[in-house]
Structures are given as structure tokens and as C-alpha cells.
Amino acid sequence: MADDYYQRPEWSYSTLKKILDSGIDYAVAAKNGMIEQPSSPYIDLGQLVHMIVLGGEDTFAICPYPDYRTKEAREWRDAQIAAGKNIVTQEQFKAADQIVKNIENHPLAGEYLLGDGWRHEVEMYASTVEGVKLKGKADSLKISDGALIVSDIKTTAKFDEFKRKASWNHYDLQAAVYTMVASASQGIDPGVCNYYFCVAETVAPYRVQFFHASLEFLEAGERKLRKCIDEIVEFGDRTPNFLIPEVGELGDWSL
């Protein structure tokens, strides 16, 4: 079950990147449930696209109302939230449906994401030399002629900025983690593992393109992973501390 995966204690890409963005103390606290994470019954298109393309439990409810001004609409909304549903507007569903069609109709979809031999939502686990346990869930995974292909679906509002934002969002770290855990879990040399991103726009015309994780991209992610592992090992079993001893530096942001 999906809940079992998320409740497991291994470090994932999403928890590791908190080390880079917010520091080891915050990352450990968040991983251990010491920090309440924001939640909402409303979703971004990426979640809906993932479910439609890859399958899995349908936790979505399409809103039949234009807004929640009426009592009937509010009661419907509250009932969906109580049932654990994610609310989707009509506009979101129409956009997601077109995105999915564009992904499925892409000439490279069969080679890098969908079709014969592909497995979806594959749970993967591995340990580093230092004993740090990692996990990942591949959107799509396939073994072909002894080589491993891993693919991940991403959505972006501004398609042309994806390459630049990939590093900011630590997608290079994700590629490094998933390549490692996928290779280990499948018993395949990581040197014959290829990682791809299927990137779809969330605004019309909903363009779709596949990106291959280059050696340089993976090496950048491996450096980030190395930093995270070093910090986890050094942190050990101590209690998270939110008092930051360093003096920060603010630049001149005036125009």
C-alpha cells in the first residue's frame, strides 16, 4: 500500500532535499514527524496527471459547482474532505485530460514511459556504504536488453524554464537517488541505467518533451547526495536543534 511506503523510515529524495534547502536539523525533524507539514484537499495538476497516466488509487473528486457560495456546494466540499478526497475543479480536470492525451500520443512515450514491459509506481530500496538507507518510488521502470530505464513525470507552468529549475528543485538529486536505488533493487549495474524526465506543460498548448539525465546532471546529483549522506552520518542520533548559530548575510536588494 502507498501508506506503507511513506511510513517507512528510509530517506527519500523529498526528505533528502530538505537537508539542502533547510538544514539537517529541520530535515530530520520533518522526517520524524516533528514538524506539521501543510496539507490541502486541493491539488496541483501534476498529482492528477500522475494518477491518470500511471494508475493507482483514485482519491479525486471533481467539483460539480462553480464555487462554494451555496450551502449545497459547501456541504459537498466538506463531505469530500471528510472522505479524504482531493478536490478537482472542472477546469483542472479538462487540463489534466489534455495533458494526459499529449503524453500518451507523444512519439517517445512507448520507448521511455508507457507500453509493454513498463512497470509503474515501483517501490525501490537500497543502503549506502555508510549504512544510510534510501528509498524511491519510480513512476515508470523497465529492463530492456539488460539495461535499466527509469522515467519520472514532471509538470511545469513555464516549459522553457524546466532545464534551469531542474537544479533549483534538486531533480538532479532525485535522478541520482533513483538511479542508485533502482539499480540496487533490480540487481543491475548503475552504469547501464538511463534516467528520463517526461515534462508536460500545465498551460496551453500543454507541450510535452522527454529529457535525458546526462552524466553531468547525474554527477551534480551525486555530489548533493554525498553532502546529504555526510550530514546524516554526522548528525547521528542527536535531537534536532532549531537555533542556527551562524550569522546570516543580507545583500542589497534595492532597485
Side-chain angles (χ1 to χ4, degrees), residues 2-40 42-44 46-47 50 123-139 150 152-158 161-184 190 195 197 199 213-254:
D3 287 345
D4 294 335
Y5 169 81
Y6 292 110
Q7 291 173 5
R8 287 182 59 121
E10 293 89 349
W11 285 86
S12 66
Y13 149 70
S14 61
T15 50
L16 286 168
K17 70 178 182 178
K18 287 184 173 67
I19 299 175
L20 303 175
D21 291 335
S22 305
I24 184 65
D25 289 273
Y26 184 94
V28 170
K31 178 176 178 291
N32 293 339
M34 298 169 62
I35 299 175
E36 184 176 355
Q37 299 300 309
S39 62
S40 170
Y42 303 95
I43 65 166
D44 60 41
Q47 293 173 281
H50 269 76
E123 296 180 10
M124 311 170 296
Y125 306 94
S127 295
T128 68
V129 175
E130 294 81 358
V132 177
K133 295 181 179 180
L134 305 176
K135 67 180 178 181
K137 181 180 282 190
D139 283 353
V150 182
D152 187 77
I153 298 174
K154 297 293 185 190
T155 51
T156 180
K158 295 184 178 180
E161 293 184 0
F162 178 79
K163 287 185 179 180
R164 183 156 48 90
K165 289 186 176 180
S167 178
W168 299 351
N169 293 327
H170 305 304
Y171 294 155
D172 48 358
L173 172 64
Q174 180 182 10
V177 171
Y178 279 33
T179 295
M180 177 183 174
V181 295
S183 300
Y195 196 94
F197 292 101
V199 184
S214 67
L215 178 60
E216 293 78 13
F217 189 78
L218 286 171
E219 288 177 342
E222 288 169 357
R223 289 191 293 271
K224 291 181 178 180
L225 178 57
R226 177 73 264 171
K227 173 179 171 59
C228 291
I229 291 173
D230 288 345
E231 294 208 29
I232 293 170
V233 172
E234 182 180 354
F235 186 87
D237 296 326
R238 67 180 174 86
T239 302
N241 176 17
F242 299 108
L243 302 179
I244 302 172
E246 296 85 2
V247 175
E249 188 74 29
L250 297 179
D252 181 8
W253 299 334
S254 61

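Sequence positions, counted from 1, serve as the residue numbers for this chain.
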Report task. Please tell me if the side chains of Gln174 and Lys154 come closer than 4.5 Å, counting only heavy atoms from C-beta onward. Result ->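 Yes, at least one pair of side-chain atoms sits under 4.5 Å.
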
Query raised in the report: Where is the tightest heavy-atom contact between Thr155 and Gly46, given as atom of each residue plus distance?
Result: OG1-CA, 3.4 Å

Report task. Test the Lys31-Trp11 pair against the cation-pi criterion, namely NZ or CZ under 6.0 angstrom from the six-membered ring centroid and within 45° of the ring axis. Result -> yes

Query raised in the report: With a 4.5 Å limit on heavy-atom distance, are the side chains of Lys224 and Ser167 in contact?
Result: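 They are in contact (side-chain heavy atoms under 4.5 Å apart), so the answer is yes.
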
Query raised in the report: Are any of the side-chain nitrogens in Arg223 or Asp172 under 4.0 Å away from the carboxylate oxygens of its partner?
Result: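 Salt bridge: no.
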
Query - Spatial distance of atom OG1 (Thr15) from atom NZ (Lys17) [nearest 0.5 Å] - result: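 Between atom OG1 of Thr15 and atom NZ of Lys17 there are 10.0 Å.
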
Report task. Determine, for Glu222 against Arg226, whether the closest basic-nitrogen to carboxylate-oxygen distance falls under 4.0 angstrom. Result ->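 Here Glu222 does not pair with Arg226 in a salt bridge, since their nearest N and O are not under 4.0 Å apart.
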
**Report entry** Ile244, CD1 atom: more than 12 neighbouring heavy atoms under 6.0 Å
**Finding:** no

**Report entry** Validation row: Phe235, Ile19 side chains within 4.5 angstrom (heavy atoms)
**Finding:**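 Counting from C-beta outward, Phe235 and Ile19 never come under 4.5 Å.
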
Query raised in the report: With a 4.5 Å heavy-atom cut-off, do Thr156 and Glu161 have their side chains touching?
Result: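 When only atoms from C-beta onward are counted, Glu161 and Thr156 do not touch, as no gap falls below 4.5 Å.
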
Query - Closest heavy-atom pair and its distance - Met34, Pro240 - result: SD-CG, 4.1 Å

Query raised in the report: Heavy-atom count around Glu130 CD within 6.0 Å, excluding the residue itself: above 12?
Result: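 It does: Glu130 CD has more than 12 such atoms within range.
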
Requested in this report: Taking the side chain as every heavy atom from C-beta outward, state whether Arg8 and Lys135 have any pair of such atoms under 4.5 Å apart.
Outcome: yes

Report task. For residues Leu134 and Ser127, determine if any side-chain heavy atom of one lies less than 4.5 Å from a side-chain heavy atom of the other. Result ->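 They are not in side-chain contact.
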
Query - Thr179 and Val150, any side-chain heavy atoms less than 4.5 Å apart - result: no

Report task. Establish, yes or no, whether the cationic atom of Lys133 lies under 6.0 Å from the six-membered ring centre of Tyr125 and within 45° of the ring axis. Result ->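 Not flagged: Lys133 not positioned over aromatic ring of Tyr125.
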
Query raised in the report: Looking at Asn241 and Asp25, what are the two nearest heavy atoms and their distance?
Result: N-OD1, 2.6 Å

Query raised in the report: Quick one: CG on Asp139 to CD1 on Ile153, what's the gap to the nearest 0.5 Å?
Result: 5.0 Å

Requested in this report: Work out which heavy atom in Ala176 is nearest to a heavy atom in Gly221; give both atom names and the distance.
Outcome: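 That would be CB-C, 3.5 Å.
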
Requested in this report: For residues Leu225 and Thr128, determine if any side-chain heavy atom of one lies less than 4.5 Å from a side-chain heavy atom of the other.
Outcome: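 SC-SC contact between Leu225 and Thr128 ruled out.
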
Requested in this report: Mind listing the closest non-hydrogen atom pair of Pro245 and Leu243 along with its distance?
Outcome: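 Closest pair (atom of Pro245, atom of Leu243, distance): CD-O, 3.3 Å.
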
Requested in this report: Would you give the length of the straight line joining atom CE of Met180 to atom CE of Met124, rounded to the nearest 0.5 angstrom?
Outcome: 11.5 Å

**Report entry** From Asp152 atom CG to Lys137 atom NZ, the distance as rounded to the nearest 0.5 Å
**Finding:**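 Atom-to-atom, Asp152:CG and Lys137:NZ are 12.5 Å apart.
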
Query - Minimum heavy-atom distance Tyr178-Gly136, with the two atoms named - result: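 Distance-wise, the nearest heavy atoms are CE1-CA, 3.8 Å.
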
Requested in this report: Return the orientation label for the Phe217 and Phe197 ring planes: parallel under 30°, perpendicular over 60°, tilted otherwise.
Outcome: perpendicular

